[in-house]
Amino acid sequence: MAAALNESSRARIIAAGTSQVITLNDIQKQHWREAMRPVWQQFEARSVLT
């Protein structure tokens with residue numbers, strides 16, 4: 001269900017023609033993950049799951 005929603009949303013973004021959807025290769029994905037890690041850690045520290 002989530003995959004279908006994601007694909008539908010992606011298709012609408014592309015159809016709108018106001019944004020560019022870029023597919024990252026494996027190396028680019030790894031660089032993105034490394035760059036985002038501090039941001040994720042910041043939000044993990046604020047998150048309280050009970």
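Residue numbers run from 1 in the order of the sequence given. Keep in mind it's a predicted model, so treat the numbers as computed, not measured.
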Could you pull out all donor-acceptor pairs under 3.5 Å where a side-chain atom in residues 4-23 meets a protein atom, sequence neighbours excluded?
residue	atom	partner	partner atom	Å
Ser9	OG	Leu5	O	3.0
Ser9	OG	Arg12	NH2	3.1

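Here the closest non-hydrogen pair linking Ile27 and Asn25 is N-OD1, 3.0 Å.
The side-chain hydrogen bond (donor to acceptor under 3.5 Å, both in side chains) contacts involving residues 31-43 comprise Gln30-Glu34, where partners must be two or more places apart or lie in separate chains.
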